[in-house]
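Quick caveat: nothing in here was measured; it's all calculated off a predicted structure. Order of listing sets the numbers, starting from 1, for every ligand and every atom in it.
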Amino acid sequence: MTDLIARRRALLGPNVPTFYADPVHLVRGEGVWLWDAGGRRYLDCYNNVPHVGHCNPRVTDALCAQARTLNTHSRYLHEGLLDYVERLVATFEAPLSTALLTCSGSEANDVALRMAEAMTGRRGIVATDATYHGNTALVSHLSRSNVPEVGFGLGGFVRHVEAPDSYRIEDPDGRRFAAGVQAAIDDLESSGVGFAALIVCPLFLNEGFPTQAPGWLQPAATVARNAGGLLICDEVQSGFGRCGSHFWAHRRQGVVPDVVTLGKPMGNGHPVAGVVTTPQIMARFRQAFRYFSTFGGNPVSCAAATAVLDELEARGLQRHAERIGRLAHERLSALARRHEAIGDVRHSGMVFGAEFVLDRSTREPAGDYAERVVEAMRASGVLLSRLGRHRNTLKIRPPMVFDESHLDLLVDTLDAVLTRLPIAG
Ligand code: PMP
């Protein structure tokens with residue numbers, strides 16, 4: 001272990017993140033389980049990329065079969081790309097009927113921002129102040145936590161609005177958020193940059209997945225449209241059925257975006273991501289930028305992504321996410337009745353968690369306590385993390401094949417950890 005850490009530092013440079021004070025050395029995965037080099041098994045409650053389960057046989061078989069047959073780029077004709085895009089866009093509402101495939105969510109968001117620029121002739125972007133959308137030179141400026149120390153000075157194009165927080169900020173219908181978006185747009189316009197797009201994750205997952213009434217995003221979408229800008233929904237985390245109620249989370253918000261970006265779960269771990277938009281926007285983008293990606297949309301990626309759709313459908317995993325998410329909420333709420341440290345419980349389908357506070361009356365966030373809980377869970381064989389503006393909310397978004405028996409194990413382990421770790425201790 002120490003040897004691996006030293007090799008990482010020597011070979012990859014400093015400041016390469018690892019999870020946990022005592023990092024986990026993984027060697028194998030299956031379904032919701034991961035094994036370390038010592039043979040210890042962990043329940044994976046963290047990883048949303050292996051969407052249909054670690055090393056899913058349908059996906060790995062499809063991937064290997066295509067890799068043994070042909071892999072090239074998209075300047076040759078191949079049905080794999082077209083068959084996949086046909087299946088993908090059929091899951092969207094009109095007029096979202098065209099797509100472009102990339103290799104990462106960051107690239108997809110970079111393309112989306114350039115689509116907004118191509119359509120509006122302006123560059124100003126509005127994002128929340130507690131988000132993450134990726135790591136390209138342009139996209140990295142959207143994340144306050146991630147703004148590079150050096151760079152191209154692109155930050156002048158970005159305005160941040162206060163992220164929603166259903167536990168602390170009163171905004172039942174999204175009007176307060178919309179007013180923030182309007183103020184950011186006004187600032188972009190008066191500074192001469194001009195407004196091109198609002199980009200949000202429809203469930204605000206990185207922000208702490210606040211509880212929101214269906215349609216909560218509508219006022220902000222209207223403000224963006226009235227100002228002549230695009231609505232970009234980043235569904236890199238929220239898509240492919242994870243929110244349970246819908247295949248795409250923007251539908252729960254009652255909005256039809258101009259552009260939707262996808263990634264993470266799309267290839268179950270194989271690097272495939274994409275952008276879905278209207279024929280009009282796609283045509284404008286393809287004329288404005290001579291876009292091509294060597295690996296984007298290659299036949300192996302398309303085979304993996306197609307197998308993910310097959311598996312989701314065959315196993316009814318969207319409905320499953322809805323049921324397990326509700327059950328998880330009930331079980332965590334029962335824990336909250338016994339453990340003072342839990343201030344709030346939230347879920348959005350197969351994303352759920354508990355927010356820790358030092359004191360329920362002041363709602364003061366308990367970020368350090370959340371970290372101790374995450375470490376203790378790892379020591380007890382359960383992998384999860386924390387997120388949100390105050391880093392005090394448990395981040396639980398397991399592979400979608402996570403079932404009731406896994407939920408029992410998660411909740412029982414958390415109960416034991418919270419009993420062992422009193423908040424004042
Ligand atoms: N958008 C969101 C909402 C994300 O959470 C992430 C990654 N955490 C990205 C985009 C970037 O995706 P990638 O790491 O594949 O570039």
Inset, instruction - Inspect the contact between R326 and E330 and indicate whether a charged nitrogen and a carboxylate oxygen are less than 4.0 angstrom apart. - result: no
Inset, instruction - Please determine if E355 and R346 form a salt bridge, counting it only when a charged side-chain N lies under 4.0 Å from a carboxylate O. - result: yes
[X] and ligand 1 - part of the residue with a heavy-atom distance under 4.0 Å:
{"X": "L205", "value": "neither"}
{"X": "C201", "value": "neither"}
{"X": "T261", "value": "neither"}

Inset, instruction - Apply salt bridge (Lys or Arg N to Asp or Glu O under 4.0 Å) to R159 and list each qualifying residue two or more places apart in sequence or on a separate chain. - result: D187
Closest approach of any protein heavy atom to [atom], naming residue and atom:
{"atom": "atom 10 (C) of ligand 1", "answer": "H133 O, 3.2 Å"}
{"atom": "atom 13 (P) of ligand 1", "answer": "G105 N, 3.6 Å"}
{"atom": "atom 7 (C) of ligand 1", "answer": "K264 CE, 3.3 Å"}

Inset, instruction - Answer with yes or no whether N135 contacts ligand 1, where contact means a heavy atom under 4.0 Å from a ligand atom. - result: no
Legend entry - 4.0 Å heavy-atom contact, E107 with ligand 1: no
Show me which atoms of ligand 1 lie under 4.0 Å from any heavy atom of [X].
{"X": "S104", "result": "15 (O), 16 (O)"}
{"X": "V236", "result": "1 (N), 2 (C), 4 (C), 6 (C), 9 (C), 10 (C)"}
{"X": "G134", "result": "11 (C)"}
{"X": "N109", "result": "1 (N), 10 (C)"}

Legend entry - Sidechain-backbone polar pair: S106 side chain, N135 backbone, donor-acceptor under 3.5 Å: yes
Legend entry - Polar side-chain atom of D44 near backbone of L34 as donor-acceptor pair, under 3.5 Å: no
Legend entry - Y42 six-ring centre to R40 NZ/CZ under 6.0 Å and within 45° of normal: yes
Legend entry - Geometric cation-pi criterion, R363 with Y167: 6.0 Å, 45°: yes
Legend entry - Over 12 non-hydrogen atoms of neighbours within 6.0 angstrom of CG in D368: no
Legend entry - Q237, any N or O under 3.5 Å of ligand 1 N or O: yes
Legend entry - D234, any N or O under 3.5 Å of ligand 1 N or O: yes
Inset, instruction - Would you indicate which of S106, A273, S238 comes nearest to atom 11 (C) of ligand 1 when only heavy atoms are counted? - result: S106
Inset, instruction - Look at the rings of H329 and H347 and say which category their plane angle falls in: under 30° parallel, 30 to 60° tilted, over 60° perpendicular. - result: perpendicular
Can I get a per-line list of side-chain donor-acceptor pairs under 3.5 Å for residues 275-291, giving both atom names and the distance, sequence neighbours left out?
residue, atom, partner, partner atom, Å
T277, OG1, D258, O, 2.7
T278, OG1, I281, N, 3.1
R284, NE, A118, O, 3.1

